[in-house]
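Here is the structure we will look at.
Letters A, B, ... mirror the listed sequences (proteins, then strands); counts begin at 1.
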Protein chains: 2
Amino acid sequence: MLASEIPGVSTAHGHKFRNPNVAAVRPERDLPAPVFFRAGSEIYAEGDACGKLYRVAFGCVRVYRLLSDGRRQISAFHLPGEVFGFEAGKERRFFAEAVCDSGIQILSTGSGSEEMANELLPMALQCLLRAEDHLMMLGRQNAMERIASFLLEMAEQQGEQSHIELPMTRSDIADYLGLTIETVSRAFSTLKRRGVIRLTGLRGVDIVQRQALTAMACH
Amino acid sequence: MLASEIPGVSTAHGHKFRNPNVAAVRPERDLPAPVFFRAGSEIYAEGDACGKLYRVAFGCVRVYRLLSDGRRQISAFHLPGEVFGFEAGKERRFFAEAVCDSGIQILSTGSGSEEMANELLPMALQCLLRAEDHLMMLGRQNAMERIASFLLEMAEQQGEQSHIELPMTRSDIADYLGLTIETVSRAFSTLKRRGVIRLTGLRGVDIVQRQALTAMACH
DNA sequence: CGGGTAATTGAACTTTTTCAACGCGCGTGG
DNA sequence: CCACGCGCGTTGAAAAAGTTCAATTACCCG
């Protein structure tokens, strides 16, 4: 099932979010058929039972938590090929939603093959690795550095092209980077004014001066 | 080996950091004798080979990363009973140092028993859970909320006493919370002025109004 | 082409940082 | 025993960064 096969669904972005950096969990043929989720629809919610894992076939997923007063922190965006849904404990503390129209393969872990259980730890560690990069960014980088890191991260997830598509809104980006939408928007504008990036529509970004970005991200 | 057996070493804090919330990896008798680390000394560094895990017998450990310009983000403090040192990849990207004089048990994982391999995934997930709490804090909470969360976290790690000992300096706390030492200090002063906490020396904190703290932490 | 959502921009304001000065506690050496 | 220095912590004032609120513009989709 592809986005392009679903009537009435825009495929302008759907098929572009390939992620060449993530090995398949197991051969594609062993994976269940993807379930389709409309943009914005819920994949799981806080309070749901843990136990299932999910794999993005196409589209994009945001995983987030909410504070009681509604402040949101997005902990990760997942692009095609990535597995998400790890959580310690019995009940989920996170929400997962489709950022754009997406196809999701549902993997049941407990009953899975032993072969799969062996891959769980590396995947969890990969998750941890990303969380720890994210931590550094939120704790110690300023707005411009976070935006630069974010663009490079997206470029890497999409195979190091100089053109990237951002499936998420400024609001999503803000909640991922711990900023406001206005600050995100201003940082984009500044990068554009300096000729570091070009904005093509609301979603597209051309990276004109990659090394300027890496210098800003200052790892 | 206990801190109190080491001549010339202050034991004023060493024995106080018990953590009743963490189950031992395996029965205490199977654990190797702890290695002693002086306050400030390095346990491992960025670039070291991964593969060993560590368990805090007594004392406290900080795990952190550095940006190229020296900015530091502490990703966790580990108190007695906790296991640390998980990292994906071959080489470490983190540093670990003793915050105060500490005893560390070194567990070699690869060659470990199968029984231990089975505990790796839960431990990694536990790690992930903490990282994600931390992420929320850094991304979406203000200075006072972070300090309140931090104090409650320390209280929980030390068994929900109303008196807690902070083995780390203000600078460590600042680098854990993504703030400056001045901001940390001002938040402590404000809490003191409001009668929420009492400061007993540089390291001790009495929690006078616990529910005021939980209200501030606003989970 | 027109409507509505999302994004951008400006200006005032708030929070946090930065820079600088000062104080406290403690150990050392005169 | 006391003076001194040193590390750590606190406090104040000014500056910077980011947020908030409000108004405007751009883009996508029918």
request  = Grab the CG-C1' distance between A/L199 and C/dA6 for me, whole Å please.
outcome  = 14 Å
message = Give me each pair satisfying ring pair (Phe, Tyr, Trp, His ring centres under 6.0 Å) with a member in residues 190-219 of chain B, each pair once, sequence neighbours excluded.
response = none
ask   = What is the distance from CG of B/L138 to C1' of C/dT15, rounded to the nearest Å?
value = 16 Å
query = Quick one: A/L191 CG to C/dT8 C1', roughly how many Å, whole number?
reply = 15 Å
key: Donor-acceptor contact present, side-chain B/R146 to main-chain B/Q141, <3.5 Å   = yes
ask   = In a check of ring-ring contact (aromatic ring centres under 6.0 Å, His included) between A/H78 and each of A/F58, A/Y64, A/F84, which one passes?
value = A/F84
ask   = Which distance, rounded to the nearest 0.5 Å, do you find between the CZ of A/R65 and the CD of A/Q73?
value = 9.5 Å
remark   = Nearest-nucleotide check on DNA chain D, B/S171 vs A/N142; residue mapping nearer the 5' end is B/S171
key: Electrostatic pair A/R62:A/D175 at N-O distance under 4.0 angstrom   = no
5' precedence on DNA chain C between A/R140 and A/M168 (nearest-nucleotide basis) = A/M168
request  = Tell me, with the steps shown, if B/R130 and B/E82 meet salt bridge (charged side-chain N to carboxylate O under 4.0 Å, His left out).
outcome  = CA-CA 12 Å; B/R130 274 225 215 163; B/E82 296 180 359; 2.7 Å; yes
key: Polar pair under 3.5 Å, donor/acceptor by atom type, side chain B/R186, base D/dG9   = no
task = Grab the CZ-P distance between A/F188 and C/dA6 for me, whole Å please.
result = 16 Å
ask   = Quick one: CD on A/E132 to CG on B/L128, what's the gap to the nearest 0.5 Å?
value = 8.5 Å
request  = Strictly below 4.0 Å, heavy-atom distances to any atom of DNA chain C: list the hits from residues 176-184 of chain B, or just say none.
outcome  = B/G178, B/L179, B/T180, B/E182, B/T183
message = Tell me which pairs pass ring pair (Phe, Tyr, Trp, His ring centres under 6.0 Å) where either residue lies in residues 171-216 of chain B, with sequence neighbours left out.
response = B/F77-B/Y176, B/H134-B/Y176, B/F150-B/Y176
Check against salt bridge (charged side-chain N to carboxylate O under 4.0 Å, His left out), B/D172 and B/R72 = CA-CA 9 Å; B/D172 285 331; B/R72 182 177 71 157; 2.9 Å; yes
query = Would you say A/R203 reaches C/dA7's phosphate, i.e. side-chain N/O to OP1/OP2 under 4.0 Å?
reply = yes
key: Euclidean distance, atom CG of residue B/L166 to atom C1' of D/dG9 [Å, nearest integer]   = 13 Å
key: For B/R71, salt bridge (Lys or Arg N to Asp or Glu O under 4.0 Å) partners two or more places apart   = A/E145, B/D69
ask   = Could you give the angle between the helix axes at the two ends of the helix from C/dC1-D/dG30 to C/dG30-D/dC1, with five pairs per end, rounded to 10 degrees?
value = 30°
request  = Using whole Å, report how far CZ of A/R193 lies from P of C/dT8.
outcome  = 12 Å
request  = Figure out the CZ/P separation between B/R170 and C/dG23, and round it to whole Å.
outcome  = 19 Å
For nucleotides 3-5 of chain C, print each protein N/O atom paired with a nucleotide N/O atom at under 3.5 Å, atom names and distance only.
none

inquiry  = Would A/E165 and A/R203 count as a salt bridge (charged side-chain N to carboxylate O under 4.0 Å, His left out) here? Give the steps.
reply    = CA-CA 6 Å; A/E165 290 285 320; A/R203 295 282 118 93; over 6 Å; no
message = Between A/S185 and C/dT9, is there a contact of a side-chain N or O with OP1 or OP2 at under 4.0 Å?
response = no
request  = Give the rounded distance in Å between these two atoms: CG of B/D175 and P of C/dT16.
outcome  = 17 Å
inquiry  = Would you call the rings of B/Y54 and B/Y44 parallel, tilted or perpendicular, taking 30° and 60° as the class edges?
reply    = tilted
ask   = Which nucleotide sits closest to the side chain of B/S189: D/dT10, C/dT8, D/dG18?
value = D/dT10
